[in-house]
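Letters A, B, ... mirror the listed sequences (proteins, then strands); counts begin at 1.
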4 protein chains.
Amino acid sequence: MRDGEPDRPLPDQAEWTGLPVQANWASPAKAARPTRPRSLRAQQSVLTATRELLNEGGLCAATIDAISTRSGVSKATIYKHWPSRIAIAAEAFGVEMGDAVPLPDTGDALEDLSEQVRQVSDFYHSRAGTIFAQLLAACVTDPEGARYFRELFLAGRREAGARLWRRAVERGEVDAGVDVETAIDLLFGPLIFRLISGHAPLSVSEADALSAAALNGLRAKDRATGL
Amino acid sequence: MRDGEPDRPLPDQAEWTGLPVQANWASPAKAARPTRPRSLRAQQSVLTATRELLNEGGLCAATIDAISTRSGVSKATIYKHWPSRIAIAAEAFGVEMGDAVPLPDTGDALEDLSEQVRQVSDFYHSRAGTIFAQLLAACVTDPEGARYFRELFLAGRREAGARLWRRAVERGEVDAGVDVETAIDLLFGPLIFRLISGHAPLSVSEADALSAAALNGLRAKDRATGL
Amino acid sequence: MRDGEPDRPLPDQAEWTGLPVQANWASPAKAARPTRPRSLRAQQSVLTATRELLNEGGLCAATIDAISTRSGVSKATIYKHWPSRIAIAAEAFGVEMGDAVPLPDTGDALEDLSEQVRQVSDFYHSRAGTIFAQLLAACVTDPEGARYFRELFLAGRREAGARLWRRAVERGEVDAGVDVETAIDLLFGPLIFRLISGHAPLSVSEADALSAAALNGLRAKDRATGL
Amino acid sequence: MRDGEPDRPLPDQAEWTGLPVQANWASPAKAARPTRPRSLRAQQSVLTATRELLNEGGLCAATIDAISTRSGVSKATIYKHWPSRIAIAAEAFGVEMGDAVPLPDTGDALEDLSEQVRQVSDFYHSRAGTIFAQLLAACVTDPEGARYFRELFLAGRREAGARLWRRAVERGEVDAGVDVETAIDLLFGPLIFRLISGHAPLSVSEADALSAAALNGLRAKDRATGL
DNA sequence: AAGTAACCGAGACGGTACGTCGGGTCTTGTG
DNA sequence: CACAAGACCCGACGTACCGTCTCGGTTACTT
């Protein structure tokens, strides 16, 4: 592992593979020029402070100044660790929300998927759901932050969905010809659309209607069975 | 029609019906005390200036100060007309994009829907698509602006999609049991998810995969026909 | 009484002589062109509203907008009557304070002067005294308003002082060779200096010290008597 | 000397003694936590810019925005150094006027005082006199600014007057029983009254009349000598 | 043990934009 | 045709965050 400036796992996109964060700090191995390492403490107190601020006032409360003040870590140091406040918030959120929604396992793979959609829809109604929406929105104007959000939070959630999907494929309950990514976006994209633009509610019944439509498809059924 | 503060079409949600802007000024009916009306000129030059700024530098270039400077309309006046810069940008964007994507009509209703998905996916790649994403993201933190965006832009696009959907229902090519809103969100939500989070590309083939999945459903087909 | 634009007594400095304000309004006599006269009501309600505002929040509360709103007289009309808000405030203050401090008459003319100084010093401590200071200060940047203040308030107070002075001259108790204006400024100028800059207190004992010094002079007394 | 917020000389009134500005920085003694010191450059370029603006357009030209623009110091920084634009203007004016009017020394202490009155009266006619009047007036509505004005300008002028007075006392030419403050206010208060309200001219002869009256007193002389 | 970098907190700083306020001018329809 | 109502432009306000920088003190590794 190289030392020097890009010491965070994320900044170098190409190298990114496995789990993030402190793994490389734990094994500093041997640096070319072994100077004083970046403080682990600083990093963690930043994340803790950010988590608190997010819970108290949402994303807009997590300003760099506020994070710096509360964590006791100076702004300059913060900027050495993260490219933007969105990145920090994404990481803090990812750490906290790592396993927010458990994987359902009812035995019926299709029902599992529907249940997952239902749970995610519920999640969007929570305080954390608001923060999620704010982070997602911030991705549009902060590509660096977006990477953090995708890799430290979204990836986990998508992986959970993918696990469900693969299980359903193995059981032969879903169309194996559909790509995992496609399936996940089809199931959750509509929820996210509504979460952000607010043009339609996110009730349980709506969630069920969306998952049902996604599973059954929009095509007329009589014609399909008519064949 | 009451005068006073809510003289813009949007502020009074209940009354909102048709095309925006001056429609209600054209039919002032009988105001309590007909004072000097809001200047048409101010409103339009603001929208024009905002449109230009959006095209030049995206949403973040459309600051209130910049809009005020370019349009020659003072900030105070702007704040009398719109609740936030997002609202202005949404209206300006809506005016410009009013008739951007024409409705496809190939005779085959399903193909029309797929084609629409393809076109929207393309649109998201354009400069305007970027602005669209920025506006959509801004909706999360600006509920007032969100209303403008929904009513002055999204509503039109959704209506276009709804027209296609109804036509398809009439022709019996799609499942009449699926709600219009559900159908639209199922078709376009995935695109928007990708547009915002950037976790997957928005190529033509991906768009086709998504629309195909939406139309056919995720459920395994052999088992369905096997019954 | 001429009609036409300069219908206020003040605007034409050259003509100004006697007591101000409503005397001429009370006798509209016959205008050359019997059009609708400027509303007396408007003028008075402006002054009333201004007086209230002054009492509630001092000079800075008496903004043109506030006066307009409270009085029900439009800004345009106000600007027809007065050149600036200071002018209005000066007139309103003058009307209210016309006879705030009564003339003392103890029989001893010198004591009368001292007592007057004491009373004025007290007045400066009151709420009205604050407004007085604010108006006086405003005179520096608003010459038009200054004229109103001088003629509608200061003139009265100076006339009161002048009456005391003349009485003292008649009784031979003061130096008849000193000009009235000089005498008044010598007695009250120091108070005003302290009121504005706040470099020294305005207590009763200080007032007495100042009036004593003014009456007795700064010159060493032994030498004077030594002659 | 404590660091932290009150790092300007003025904010802590009790500690104020000598010359302003950097004196305390020069002897930081032992700060609790010697963080980056306030920039000398920023402070001085603000004062320079303000001085220029005052000379060009008087106090009303010295807006915070203008000062910020011309000095290249941001508004936020300015507000960290001074509580108000009046305070800045007062300091800038004090710096410039520090040694404007030299102390007269004719040998005759009474003549010195008269000459000083004459010179001050002249000063009030100059461009700087106008600025002085504007600053003095601003003191009424800006107590913080007033402190700056008193301590960075008035104090110096009063000290000059006090020196003259003490010299005169030593020579036995003036009444030693009169307090210095009283004497100064008696000599210069009338000038200031006229300067601000403009009810009477500030010619040389008027200045002489005022100083003569102040020195000789208003009391009738024949009776005094007659005893 | 001393030397020496880099790190760190603290926060000053220049920017940019914000939303608001007051002043003075104008426009419109009513009485 | 004077008036109220108030829309309008202007300019200034004071604040908030941003991202960069400059300090002086503090590690932790090297020599």
So, for [X] and [Y], which heavy atoms are closest and what is the spacing to 0.1 Å?
X        : Y       : answer
D:Ile131 : D:Gly58 : CG1-CA, 4.4 Å
B:Arg85  : B:Leu59 : NH1-O, 3.0 Å
B:Leu135 : B:Ala89 : CD2-CB, 3.8 Å
B:Ser71  : B:Ile67 : OG-O, 2.7 Å
B:Ala138 : B:Ile86 : CB-CD1, 3.5 Å

Would you kindly compare B:Asp65 and A:Ile78 by the position of their nearest DNA chain E nucleotide and give the one closer to the 5′ end?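 In this pair, the answer is A:Ile78.
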
Residue mapping more 5' on DNA chain E - nearest nucleotide basis, C:Ser84 or D:Ala76: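 Final value for this comparison: D:Ala76.
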
Below 4.0 angstrom from OP1 or OP2 of [N], is there any side-chain N or O of [X]?
X       : N      : result
B:Lys80 : F:dA7  : yes
B:Thr77 : F:dC9  : yes
D:His81 : E:dA12 : no
B:Arg41 : F:dC9  : yes
C:Thr63 : E:dC21 : no
C:Arg85 : E:dG23 : yes

In whole angstrom, what separates [X]'s [atom1] from [N]'s [atom2]?
X        : N      : atom1 : atom2 : answer
B:Leu59  : E:dA17 : CG    : C1'   : 14 Å
A:Gln43  : E:dC8  : CD    : C1'   : 14 Å
D:Arg70  : F:dA12 : CZ    : P     : 13 Å
B:Leu53  : E:dA17 : CG    : P     : 11 Å
A:Tyr79  : E:dA6  : OH    : C1'   : 21 Å
A:Glu144 : F:dC18 : CD    : P     : 17 Å
D:Ile67  : E:dC13 : CD1   : P     : 16 Å
D:Ile88  : F:dG14 : CD1   : C1'   : 12 Å

Just call it for A:Ala66: base, sugar-phosphate, or nothing, with non-hydrogen atoms closer than 4.0 Å on any strand.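 A:Ala66: no heavy atom of the nucleic acid under 4.0 Å.
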
Has the side chain of D:Lys75 got a donor or acceptor that lies under 3.5 Å from a partner of the other kind on the base of E:dG14?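 Side chain to base: no pair present.
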
Residue [X], side-chain atoms from C-beta onward, closest of [options]:
X       : options                : answer
B:Ser74 : F:dC10, F:dT20, F:dA5  : F:dC10
D:Ala42 : F:dT15, E:dG14, F:dT20 : E:dG14
B:Ile64 : E:dC18, E:dG9, E:dG14  : E:dC18

A:Ser74 and A:Thr77 side chains, donor-acceptor separation under 3.5 Å: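 Judged by distance alone, the side chains do pair up.
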
